[in-house]
Amino acid sequence: MASGSVSGCKEYLFKVLVIGELGVGKTSIIKRYVHQLFSQHYRATIGVDFALKVINWDSNTLVRLQLWDIAGQERFGNMTRVYYKEAVGAFVVFDVMRGSTFEAVSKWKHDLDSKVKLANGSPIPSVLLANKCDQKKESSNNTSLMDNFCKETGFLGWFETSAMIPPMPEV
């Protein structure tokens with residue numbers, strides 16, 4: 001995290017990783033969040049891509065989220081250590097319609113925890129995103145299973161999400 005001050009306004013820069021298997025919707029989530037855009041047609045990310053979301057936290061605070069979109073196949077390469085460096089948070093994404101992407105979540109979390117730490121030596125905070133929830137055929141109540149999985153694997157928590165469905169207006 002970097003911080004600065006311009007004319008009494010505090011500025012913070014946070015590097016946040018978005019990781020998970022190929023095709024789970026990482027790029028779609030980022031494009032929706034940063035640019036309010038959605039497309040069903042994205043090419044696979046090669047290596048890493050970046051996006052910046054600027055948030056006026058309050059009248060005296062500006063937050064810049066630097067979102068690192070890590071390619072789904074990168075876990076198998078040696079570059080993730082370089083990509084993960086200095087990150088202060090992460091989203092691990094899986095596709096609710098593809099069980100194999102959920103099975104890979106633990107591997108991504110282990111890769112993350114083994115390669116980047118906060119200054120105090122603890123793992124960076126990470127949140128699990130169950131993406132493409134708009135495509136679920138039935139409402140399965142697996143909330144307690146997901147809560148337990150997060151507790152066992154060290155995630156702060158989890159959220160169902162969909163890049164296809166526009167977010168609710170901010171209040």
Side-chain angles (χ1 to χ4, degrees), residues 14-55 63-77 79-80 83-84 87-116 123-171:
F14 298 108
K15 177 178 177 179
V16 179
L17 307 172
V18 183
I19 60 177
E21 292 294 284
L22 179 69
V24 297
K26 300 178 297 292
T27 301
S28 294
I29 289 170
I30 292 169
K31 297 278 188 201
R32 171 64 83 180
Y33 179 61
V34 174
H35 305 291
Q36 293 76 47
L37 298 173
F38 176 77
S39 171
Q40 292 185 337
H41 309 288
Y42 287 109
R43 296 183 191 272
T45 302
I46 298 172
V48 65
D49 198 4
F50 312 91
L52 184 68
K53 175 74 172 184
V54 178
I55 302 167
V63 175
R64 296 177 192 278
L65 290 180
Q66 191 180 66
L67 300 167
W68 285 52
D69 183 357
I70 311 292
Q73 59 274 37
E74 280 302 318
R75 175 173 44 100
F76 304 106
M79 292 304 294
T80 54
Y83 297 154
Y84 292 177
V88 296
F91 292 105
V92 179
V93 185
F94 74 95
D95 179 341
V96 297
M97 299 300 289
R98 293 172 37 220
S100 62
T101 65
F102 179 73
E103 292 165 13
V105 162
S106 294
K107 294 174 190 163
W108 280 100
K109 180 72 166 100
H110 175 74
D111 186 57
L112 181 67
D113 291 348
S114 69
K115 293 179 179 171
V116 65
I124 64 171
S126 55
V127 173
L128 183 60
L129 297 181
N131 195 31
K132 303 184 184 181
C133 65
D134 57 284
Q135 296 180 12
K136 284 200 305 189
K137 292 179 175 68
E138 58 202 49
S139 178
S140 58
N141 192 355
N142 57 2
T143 301
S144 61
L145 290 173
M146 289 298 292
D147 290 343
N148 288 336
F149 176 80
C150 288
K151 189 179 289 186
E152 291 169 6
T153 53
F155 285 99
L156 293 178
W158 69 281
F159 296 93
E160 287 186 326
T161 188
S162 168
M164 182 180 276
I165 301 171
M168 298 297 291
E170 293 182 19
V171 180

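Counting only heavy atoms from C-beta outward, the side chains of V88 and I124 never approach each other to under 4.5 Å. Residues T27 and D49 fail the side-chain proximity criterion, which asks for heavy atoms closer than 4.5 Å. Inter-residue side-chain proximity for V18 and I29 is flagged as unmet; no heavy-atom pair is nearer than 4.5 Å. Side-chain contact between W158 and V92 is absent, with no heavy-atom pair separated by less than 4.5 Å. A heavy-atom distance below 4.5 Å is found between the side chains of L52 and R64. At a threshold of 4.5 Å between non-hydrogen side-chain atoms, the residues F102 and L128 count as touching.
Residue W108 comes nearest to G20 through the heavy atom pair CZ2-O, 3.3 Å, listed as atom of the first residue, atom of the second, then distance. In this structure, A87 and V116 approach most closely via the heavy-atom pair O-CG2, 4.0 Å. Residues Y84 and I70 approach most closely at CE2-CG1, 4.5 Å, considering heavy atoms. Summarising the geometry of V96 relative to A130, their closest heavy-atom pair is CG1-CB, 3.6 Å, with the distance given to 0.1 Å.
Separating the SG atom in C150 from the CZ atom in F159 is a distance of 9.5 Å, to the nearest 0.5 Å. In this structure, D134 CG and M97 CE are separated by 9.5 Å, a value rounded to the nearest 0.5 Å. Note that OH of Y83 is 12.0 Å distant from CG of L17, once rounded to the nearest 0.5 Å. To the nearest 0.5 angstrom, K115 atom NZ is 9.0 Å from H110 atom NE2. Annotation: the span from N131 atom CG to K26 atom NZ amounts to 10.0 Å, rounded to 0.5 Å.
The aromatic rings of W68 and F50 stand perpendicular to each other, their planes meeting at an angle above 60°, with 30° marking the opposite boundary.
Although no hydrogens or angles enter the test, the distance criterion places a donor-acceptor pair under 3.5 Å between the side chain of K53 and the main chain of Y33. Side chain of T101 to backbone of E21: no donor-acceptor contact under 3.5 angstrom is found. D111 places no side-chain N or O within donor-acceptor distance of the main-chain N or O of K107, the cut-off being under 3.5 Å.
Note on residues 147-159: no pairs pass salt bridge (charged side-chain N to carboxylate O under 4.0 Å, His left out), not counting sequence neighbours.
Contacts of D113 classified as salt bridge (charged side-chain N to carboxylate O under 4.0 Å, His left out), with partners at least two apart in sequence or in another chain: K109.
For the side chain to side chain contact (heavy atoms under 4.5 Å, CB included) criterion with F14, the lone passing option out of L65, I55, L67 is L65.
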